[in-house]
Amino acid sequence: MAQTEFPNLASGKSIVWAIALIVFGFLAIALPLATSLGVVLIVAWLIIFSGGFQFIHAFQSKGIGSTLWKLLVAVLYLVFGIYFLLHPLLGVASFTLALAIFFVAEGVMDLVAYFQNLNAGGSGWILLNGVVTLLLGVLVWKQWPFSSLWLIGTLVGISMIMTGTTRLMISIAARQVRS
């Protein structure tokens, strides 16, 4: 990192932003369902906007087959986005189930990677990550749809706390380097 970047990291704004992330992270954990609903609504709007861009792009395509296919994709984006917007609790349940499936798949792939790299340095970490991720996926899946009430909001909150803490520690370290 260049020395010229330290003043930005060490600024009061950076520290305030870090503390805000930490506070909002704890708030997200305290209100996991509200946070989950907020995430679903934001994603729903992103899907709708993407569908709109897909629709516009369809008419810029060459050939009737390509145009029809892209129009179909645009309509699917718009339908799913609007559906999640109108039914956010079903969106939360769907996202949670998709996350459980993702964790299971990631855990299995990490276990495969571990067995393919038994002699590699640090392969034990791949095994640990695979086992923890697989267990997390199975736990979420077994608790679904009830895990939908807390999972996404809790994960977002943890991520915000970790990001805020990291930013705060880097800002403090940058201040020490600067002085």
Say you draw a straight line from [atom1] of [X] to [atom2] of [Y]; how long is it, rounded to the nearest 0.5 Å?
{"X": "Ser66", "Y": "Gln60", "atom1": "OG", "atom2": "CD", "result": "11.0 Å"}
{"X": "Ser94", "Y": "Leu99", "atom1": "OG", "atom2": "CG", "result": "12.0 Å"}
{"X": "Leu27", "Y": "Ile22", "atom1": "CG", "atom2": "CD1", "result": "14.0 Å"}
{"X": "Thr133", "Y": "Leu111", "atom1": "OG1", "atom2": "CG", "result": "9.0 Å"}

Check your understanding: Given the side-chain rings of Phe49 and Tyr77, with only the six-membered ring counted for Trp, is the space between their centroids under 6.0 Å?
Key -> no
Any sub-3.5 Å donor-acceptor pair from [X]'s side-chain atoms to [Y]'s backbone N or O?
{"X": "Asn129", "Y": "Trp125", "result": "no"}
{"X": "Ser159", "Y": "Leu155", "result": "no"}
{"X": "Trp144", "Y": "Ala93", "result": "yes"}
{"X": "Ser123", "Y": "Ala120", "result": "yes"}
{"X": "Ser148", "Y": "Pro145", "result": "yes"}

So which atom in [X] and which in [Y] form the shortest heavy-atom distance, rounded to 0.1 Å?
{"X": "Val40", "Y": "Pro88", "answer": "CG1-O, 3.8 Å"}
{"X": "Val39", "Y": "Val156", "answer": "CG2-CG2, 3.8 Å"}
{"X": "Val140", "Y": "Leu151", "answer": "CG1-CD2, 3.6 Å"}

Check your understanding: Does Ile47 share a hydrophobic cluster with Val92, counting links as ILVMFWY side-chain heavy atoms below 4.5 Å and allowing steps through other members?
Key -> yes
Exercise for review: Treating Ile, Leu, Val, Met, Phe, Trp and Tyr as nodes and any side-chain heavy-atom pair under 4.5 angstrom as an edge, say whether Leu118 and Leu128 lie in one connected cluster.
Suggested key: no
With a 4.5 Å cut-off on side-chain heavy atoms, are [Y] and [X] touching?
{"X": "Ile48", "Y": "Phe84", "value": "no"}
{"X": "Leu134", "Y": "Phe103", "value": "no"}
{"X": "Trp150", "Y": "Leu33", "value": "no"}

Review point. Do Thr96 and Ser147 have a side chain donor and acceptor closer than 3.5 Å?
Key: no
Practice item. Over 60° means perpendicular and under 30° means parallel, so classify the ring planes of Phe59 and Phe55, tilted if in between. Key: perpendicular
